[in-house]
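What follows is a set of notes on a single structure, which appears directly below.
Every number for a ligand or one of its atoms is a count from 1 in the order of the listing. The basis for the numbers below is simple: all heavy atoms, side chains too, and nothing from hydrogens, waters or symmetry mates.
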Amino acid sequence: MGLTIALNRGRILKECLPLITAAGYAPAERFEDSRKLVFPTVDGAHRLIVMRGADVPTYVEYGAADVGIVGKDTLLEHPGAGYYERLDLGLGRCRLMTAAPRGVDISRGPLRVATKFTQSARRWFESQGRQVEIIPLSGAMEIAPLMDLADCIVDIVDTGSTLKANGLEALDTLAEISSRVIVNRAAMKLRFDEVEAFIAALEAQLP
Ligand code: PRP
């Protein structure tokens, strides 16, 4: 049996699909045309499974998928011992940043930080010696300071237009983000040839 490949649906999948296709691992039918979540590759040799980003490391860690393509922001939230980060695809580039209402000084005092990236935020503020209360949200972090739920946020910044539209400014960079290929630890040994063929095929398409 071939590889089971877990893919982060949404923006990351959209950006990585041309690369996956050029590497020879295209789905047998278009993801967009189907409600299915498991797709054979065109050559019928492998399986692609499409899921939320946060589930990709879980599938790979438990070996339900051999490899996965997922954003570094997600990996930072799921630092697992069950997978290797094997390749940086350099796609889906963005930054994980702090942001606060324009002109507001958050450099002193206790802070309330609204974020989906609770682990990364906690680690970063701890490293700065800051006392913070992390307020977990699952989306629309940008409105939290406007609604006085938080003093600042930690979120993904790409063009910066979401922050701007909500009167926020980006401050510090916690991490540079891009899409990564992760590999289950056991698969790295037991399915070495297939895993390395997948990595090499993707690598060959990178600039
Ligand atoms: C991300 C992030 C911001 C936005 C930043 O959300 O949470 O809202 O992109 O992009 P910008 O700097 O170009 O405005 P995404 O659209 O990925 O959806 P999500 O909220 O599901 O993460």
I need the single residue from Arg30, Arg35, Lys36 that forms a side chain to side chain donor-acceptor pair (under 3.5 Å) with Asp33. Which is it? Arg30

Can you list everything that forms a ring-ring contact (aromatic ring centres under 6.0 Å, His included) with His78? Sequence neighbours excluded, please. none

I need the contact residues for ligand 1: any residue with a non-hydrogen atom closer than 4.0 Å to the ligand, ordered by chain then number. Arg11, Lys116, Glu142, Asp155, Ile156, Val157, Asp158, Thr159, Gly160, Ser161, Thr162

Determine whether Met51 and Thr58 satisfy the following criterion, side-chain contact (heavy atoms from CB on, under 4.5 Å), listing intermediate values before the conclusion. CA-CA 11 Å; Met51 61 188 69; Thr58 307; over 6 Å; no

Indicate the atoms forming the closest heavy-atom contact of Glu194 with Met1, along with that distance. OE2-O, 3.2 Å

Are Glu77 and Lys116 within salt-bridge range, i.e. N to O under 4.0 Å? no

Using a strict 4.0 Å threshold on nitrogen-to-oxygen distance, state whether Glu32 and Lys14 make a salt bridge. no

